Q: 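For reference, the structure I am asking about is given below.
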Amino acid sequence: MNIRAIAARALGPVIGRKESLNTALPRALQQCPESDRALLQQICYGTMRFLPRLSCLAHLLLKKPFKPQDQDLYALVLLGFYQLLEMRVPAHAAISETVEAASQLNKEWAKGLLNALLRNLQREQDSLFEQLSEQPEFRYNHPQWMIAKLQHNWPEHWQAILEQNSQQPPMTLRVNQQKCSRDNYLQQLSDAGIAASATPYSSVGIQLESPVDVNILPGFAYGFASVQDEAAQLSGELLDLQPGQRVLDACAAPGGKLCHILEHQPDLSHVTAVELEHNRANRIEENLCRLNLTAEVIIADAATNTWWDGVEYDRILVDAPCSAAGVIRRNPDIKHLRQNEDIKPLAELQLAILGNCWQMLKPGGRLVYATCSVFPQENERVIERFTKIQTDVRHLPIDANWGIERPFGRQLFPQPQGHDGFYYAVLLKDQN
């Protein structure tokens with residue numbers, strides 16, 4: 001089947017806000033010859049990465065919007081635009097292949113329209129760009145609500161955040177120090193012809209010069225390394241893990257931070273991982289299996305205590321559900337799927353999970369709160385609210401050379417060829 005047709009079928013439900021790219025793309029890859037899978041991924045991720053800008057162009061060129069049942073055709077237009085503007089595919093090939101894809105979608109009638117739209121963009125690109133130059137969604141390649149929110153929250157940083165959100169992220173590894181040292185693994189990568197360097201903030205992180213298939217990474221199948229962004233690796237040290245402790249990882253899927261906990265301190269007495277969704281819990285089990293690690297995995301709601309056995313924990317990691325606004329580079333459909341009205345309910349859920357887990361923490365224990373968001377409403381303001389509600393909590397400022405210090409916690413922004421956007425706060429429970 002035509003790769004553009006497969007991509008359009010995958011992107012249609014995402015653009016229609018019926019599913020995420022993480023759900024739609026694996027299904028599409030199964031229909032695609034292995035030799036074309038990289039191209040399919042590039043088209044799907046790239047189209048979603050530049051969707052706000054591409055949508056502005058489509059709105060300008062289309063005389064009327066597509067009907068709901070023709071979202072696949074709209075996706076075809078957008079991915080055609082993406083190829084012409086951002087890919088090295090020769091224009092004639094991009095146009096002919098995209099137009100031909102309409103036949104495979106059983107929409108032969110649309111071929112003339114597609115051809116006209118693509119050729120109009122090709123001919124009138126400079127004029128169209130000039131007409132749209134003052135439109136924020138086109139200029140910054142983000143929805144208006146997100147631009148306004150970032151401007152308000154981060155007046156000194158918003159433009160840099162928006163710029164990074166439109167870039168491709170680096171591939172970063174976490175070295176399993178139970179298997180080898182970071183220096184040793186860097187040497188193994190060098191011997192395999194894979195250019196890499198140590199990350200500046202995580203003591204177990206390695207950043208690759210270019211992404212590679214995990215199957216060619218030395219010892220990957222045997223657990224020598226895992227793919228994990230540097231910002232996400234910082235939780236291991238913040239937890240201050242000690243031998244013999246009981247640890248809870250709430251909202252644990254896909255299990256990267258959980259596995260890091262087990263690698264970082266192999267002599268813990270018990271580790272519990274809680275995850276609400278059954279299919280995401282399967283990802284935890286897969287990661288534990290590859291790394292030959294053990295934890296108690298419970299499918300339950302971290303905002304309730306019905307699953308808890310009543311034995312308190314020494315350390316708790318609350319990696320709370322959030323807007324994921326700090327990892328847009330890796331999940332570009334977030335710009336389209338998230339809405340401004342999502343943020344307040346997420347903040348209420350975060351506060352509920354935090355309050356529920358707090359009762360499970362021993363006096364003298366430590367809780368690390370984390371999100372992959374750059375919105376203060378989900379981060380420092382949640383912690384501030386919690387410290388006003390809870391009388392036995394003490395906020396511990398994080399002394400670190402990464403991110404920026406906030407009144408509560410520490411905020412990281414996505415960096416050029418560096419870590420993603422992330423937030424951490426450390427809370428201590430009073431002894432009395």
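The structure presented is a predicted model; accordingly, all values stated were derived computationally and were not measured. Nothing fancy with the numbering, it's 1 onward along the sequence. FYI, side chains are in, hydrogens and waters are out, and symmetry mates aren't considered; it's all heavy atoms of this structure.
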Q: Which of these, Leu238, Asp240, Leu248, sits in a side chain to side chain contact (heavy atoms under 4.5 Å, CB included) with Arg315?
A: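 For Arg315, the side chain to side chain contact (heavy atoms under 4.5 Å, CB included) check succeeds only for Asp240.
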Q: Which distance, rounded to the nearest 0.5 Å, do you find between the CD of Gln131 and the CG of Leu60?
A: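 Output value for this atom pair is 5.0 Å.
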Q: Distance-only, no hydrogens or angles: does the Lys179 side chain make a donor-acceptor pair with backbone N or O of Tyr222 under 3.5 Å?
A: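 The answer is yes, because a donor-acceptor pair under 3.5 Å joins these two groups.
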Q: Report yes if some heavy atom in the side chain of Gln122 is under 4.5 Å from a heavy atom in the side chain of Leu118; otherwise report no.
A: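 No, their side chains stay 4.5 Å or more apart.
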Q: Do Arg290 and Asn287 pass the side-chain hydrogen bond (donor to acceptor under 3.5 Å, both in side chains) test, and can you show the C-alpha distance, the side-chain angles, and the key distance before you say yes or no?
A: CA-CA 5 Å; Arg290 182 179 65 83; Asn287 282 315; 4.6 Å; no
Q: Quick check: are there more than 12 heavy atoms from other residues, nucleotides or ligands sitting under 6.0 Å from CD of Glu34?
A: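 12 or below, so no.
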Q: Could you tell me which residues satisfy salt bridge (Lys or Arg N to Asp or Glu O under 4.0 Å) with Asp229, sequence neighbours excluded, listed by chain and number?
A: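 Scan of Asp229 (salt bridge (Lys or Arg N to Asp or Glu O under 4.0 Å), adjacent residues dropped) gives Arg330.
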Q: Scan side-chain atoms only and decide if Glu296 and Thr272 contain a donor-acceptor pair under the 3.5 Å cut-off.
A: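 A pair is found: one side chain offers a donor N or O, the other an acceptor, under 3.5 Å apart.
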Q: I'd like to check Val274 versus Cys251 (side-chain heavy atoms, cut-off strictly below 4.5 Å). Are they in contact?
A: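 No, side chains not in contact.
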Q: Could you pull out all donor-acceptor pairs under 3.5 Å where a side-chain atom in residues 75-84 meets a protein atom, sequence neighbours excluded?
A:
| residue | atom | partner | partner atom | Å |
| --- | --- | --- | --- | --- |
| Gln83 | OE1 | Arg4 | NE | 2.8 |
| Gln83 | OE1 | Arg4 | NH2 | 2.8 |
| Gln83 | NE2 | Leu79 | O | 3.0 |
| Gln83 | NE2 | Thr98 | OG1 | 3.0 |

Q: I need the Asp249 CG to Ile284 CD1 distance, nearest 0.5 Å.
A: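 Rounded to the nearest 0.5 Å, the CG-CD1 separation comes to 7.5 Å.
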Q: For Ala302, is there any backbone N or O sitting under 3.5 Å from a side-chain donor or acceptor partner on Asn356?
A: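 The answer is yes, because a donor-acceptor pair under 3.5 Å joins these two groups.
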Q: Any salt bridge (charged side-chain N to carboxylate O under 4.0 Å, His left out) involving residues 126-154? Give me the pairs, sequence neighbours left out, ordered by first then second residue.
A: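 Matches after skipping sequence neighbours: none remain.
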Q: So, Arg385 and Glu348, do they make that salt bridge, N to O below 4.0 Å?
A: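 Yes, charged N to carboxylate O under 4.0 Å.
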Q: Any side-chain heavy atom of Ile206 sitting closer than 4.5 Å to one from Ser197?
A: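 No - every pair of side-chain heavy atoms lies 4.5 Å or more apart.
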Q: Report the residues that fulfil side-chain hydrogen bond (donor to acceptor under 3.5 Å, both in side chains) with Gln164, sequence neighbours left out, ordered by chain and then residue number.
A: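 side-chain hydrogen bond (donor to acceptor under 3.5 Å, both in side chains) list for Gln164, sorted by chain: Arg329.
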Q: Ignoring hydrogens and geometry beyond distance, is a side-chain donor-acceptor pair present between Asn115 and Arg119 at under 3.5 Å?
A: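 Arg119 and Asn115 do have a side-chain donor-acceptor pair below 3.5 Å.
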Q: I want to know whether Tyr424 and Phe422 have ring centres closer than 6.0 Å.
A: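 Yes, ring centres under 6.0 Å apart.
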Q: Apply side chain to side chain contact (heavy atoms under 4.5 Å, CB included) to residues Leu239 and Ile261 and explain how you reach the verdict.
A: CA-CA 9 Å; Leu239 281 164; Ile261 286 169; 3.7 Å; yes
Q: Taking the side chain as C-beta and beyond, is there a heavy-atom pair between Leu412 and Tyr201 under 4.5 Å?
A: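 No, too far: nothing below the 4.5 Å cut-off.
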Q: Can you pull the ring-ring contact (aromatic ring centres under 6.0 Å, His included) pairs that have at least one residue in residues 2-25, sequence neighbours excluded?
A: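 Counting only pairs at least two positions apart or across chains, no ring-ring contact (aromatic ring centres under 6.0 Å, His included) contact touches residues 2-25.
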Q: Counting N and O atoms only, with roles assigned by atom type, does the side chain of Asn120 sit under 3.5 Å from a partner on the main chain of Ala116, one being a donor and the other an acceptor?
A: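 It does hold such a pair.
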Q: Which atom names give the shortest non-hydrogen contact between Ser373 and Asn379, and what distance separates them?
A: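 Looking at all heavy atoms of both residues, the shortest contact is O-ND2, 3.0 Å.
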Q: Compute whether any side-chain donor of one residue and acceptor of the other, for Glu286 and Asn282, lie under 3.5 angstrom apart.
A: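 No, no side-chain donor-acceptor contact under 3.5 Å.
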Q: Which heavy atom in Arg410 sits nearest to a heavy atom in Ile398, and how many Å separate them?
A: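 For Arg410 versus Ile398, the nearest heavy atoms are NH1-O, 3.3 Å.
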Q: Around atom CD of Gln167, are there more than 12 heavy atoms from other residues, nucleotides or ligands closer than 6.0 Å?
A: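 Atom CD in Gln167 is packed in, count exceeds 12.
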Q: Going by ring-ring contact (aromatic ring centres under 6.0 Å, His included), name the pairs with one or both residues in residues 149-197, residues two or more places apart or in two chains.
A: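 Residue pairs passing ring-ring contact (aromatic ring centres under 6.0 Å, His included), neighbours aside: Tyr140-Trp158, Trp154-Phe413, His157-Phe413.
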Q: Nearest 0.5 Å, what's the CG-OG distance between Leu317 and Ser235?
A: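 One gets 5.5 Å once the value is rounded to the nearest 0.5 Å.
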Q: State whether the number of non-hydrogen atoms from other residues, nucleotides or ligands found under 6.0 Å of Asp399 atom CG is greater than 12.
A: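 No.
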Q: Run the side-chain hydrogen bond (donor to acceptor under 3.5 Å, both in side chains) test against Thr23 and tell me which residues pass, sequence neighbours left out.
A: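 Checked Thr23 against side-chain hydrogen bond (donor to acceptor under 3.5 Å, both in side chains); matches are Ser20.
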Q: With a 3.5 Å distance limit and no angle check, can you tell me whether His419 reaches the backbone of Pro414 through a side-chain donor-acceptor pair?
A: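 No, the answer is negative, given that no donor and acceptor are paired below the 3.5 Å cut-off.
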Q: Under the salt bridge (Lys or Arg N to Asp or Glu O under 4.0 Å) test, which residues partner Lys388, sequence neighbours left out?
A: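 Glu384.
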Q: Working to the nearest 0.5 angstrom, can you tell me the gap between Glu378 CD and Ser323 OG?
A: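 One gets 3.5 Å once the value is rounded to the nearest 0.5 Å.
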Q: Rounded to the nearest 0.5 Å, what's the gap from CG on Asn184 to CD on Gln187? Could you check?
A: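 Going from the CG atom of Asn184 to the CD atom of Gln187 covers 8.0 Å.
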Q: With a 3.5 Å distance limit and no angle check, can you tell me whether Ser190 reaches the backbone of Leu186 through a side-chain donor-acceptor pair?
A: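 No, because the side chain of Ser190 does not come within donor-acceptor range (under 3.5 Å) of the backbone of Leu186.
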Q: Where do Ile194 and Pro218 come nearest, in terms of heavy atoms and distance?
A: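 Here Ile194 and Pro218 meet closest at CD1-CD, 4.4 Å.
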Q: Among residues at least two apart in sequence or on other chains, which ones pass side chain to side chain contact (heavy atoms under 4.5 Å, CB included) with Pro33?
A: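 Result, side chain to side chain contact (heavy atoms under 4.5 Å, CB included) vs Pro33: Ile3, Ser35, Asp36.
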Q: side-chain hydrogen bond (donor to acceptor under 3.5 Å, both in side chains) for Ser203 and Glu237? Distances and angles first, verdict last.
A: CA-CA 9 Å; Ser203 61; Glu237 292 186 8; 2.9 Å; yes
Q: Just grab all the ring-ring contact (aromatic ring centres under 6.0 Å, His included) pairs involving residues 93-130, residues at least two apart or on different chains.
A: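 Output for this query lists Phe129-Phe138.
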Q: Is the terminal nitrogen or CZ of Arg381 (NZ for Lys, CZ for Arg) located under 6.0 angstrom from the six-membered ring centre of Phe408 and within 45° of that ring's axis?
A: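 No; the conditions do not both hold, so Arg381 does not lie above the ring face of Phe408.
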Q: Check whether more than 12 heavy atoms from other residues, nucleotides or ligands sit under 6.0 Å from atom CD of Glu285, and answer yes or no.
A: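 More than 12 heavy atoms, drawn from other residues, nucleotides or ligands, come within 6.0 Å of this atom.
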Q: Strictly by salt bridge (charged side-chain N to carboxylate O under 4.0 Å, His left out), give each pair with a member in residues 90-117 just once, sequence neighbours left out.
A: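 Matches after skipping sequence neighbours: Asp70-Lys107, Asp72-Lys107, Glu100-Lys111, Glu108-Lys111.
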Q: Please report the shortest heavy-atom distance between Leu337 and Arg17, naming the atom on each side.
A: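 Taking every non-hydrogen atom into account, CD2-CA, 3.9 Å.
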Q: Spell out, as yes or no, whether a donor-acceptor pair under 3.5 Å connects the side chain of Arg49 to the backbone of Pro332.
A: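 Here the side-chain-to-backbone pair does not exist.
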Q: Do other residues, nucleotides or ligands put more than 12 heavy atoms under 6.0 Å from the CG atom of Asn292?
A: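 Result for CG/Asn292: open.
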Q: How close do Thr199 and Glu230 get, heavy atom to heavy atom, and via which atoms?
A: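 The pair with the smallest heavy-atom distance is CB-OE2, 3.2 Å.
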Q: His59: what forms a ring-ring contact (aromatic ring centres under 6.0 Å, His included) with it, not counting sequence neighbours?
A: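 In terms of ring-ring contact (aromatic ring centres under 6.0 Å, His included), with neighbours along the sequence ignored, His59 is linked to no residue.
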Q: Does any part of the side chain of Arg182, heavy atoms only, come nearer than 4.5 Å to the side chain of Val204, both counted from C-beta?
A: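 No, every pair of side-chain atoms sits at 4.5 Å or beyond.
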Q: Measuring from Leu396:CG to Leu367:CG, what's the distance to the nearest 0.5 Å?
A: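 Reported value, rounded in 0.5 Å steps: 12.0 Å.
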Q: Has Arg366 got a side-chain atom pairing as donor or acceptor with Ile316's backbone, closer than 3.5 angstrom?
A: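 Checking the backbone N and O of Ile316 against the side chain of Arg366, no donor-acceptor pair under 3.5 Å is found.
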Q: Quick check: closest heavy atoms across Asp420 and Ala231, and the distance to 0.1 Å?
A: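 So the two residues come closest at O-CB, 3.8 Å.
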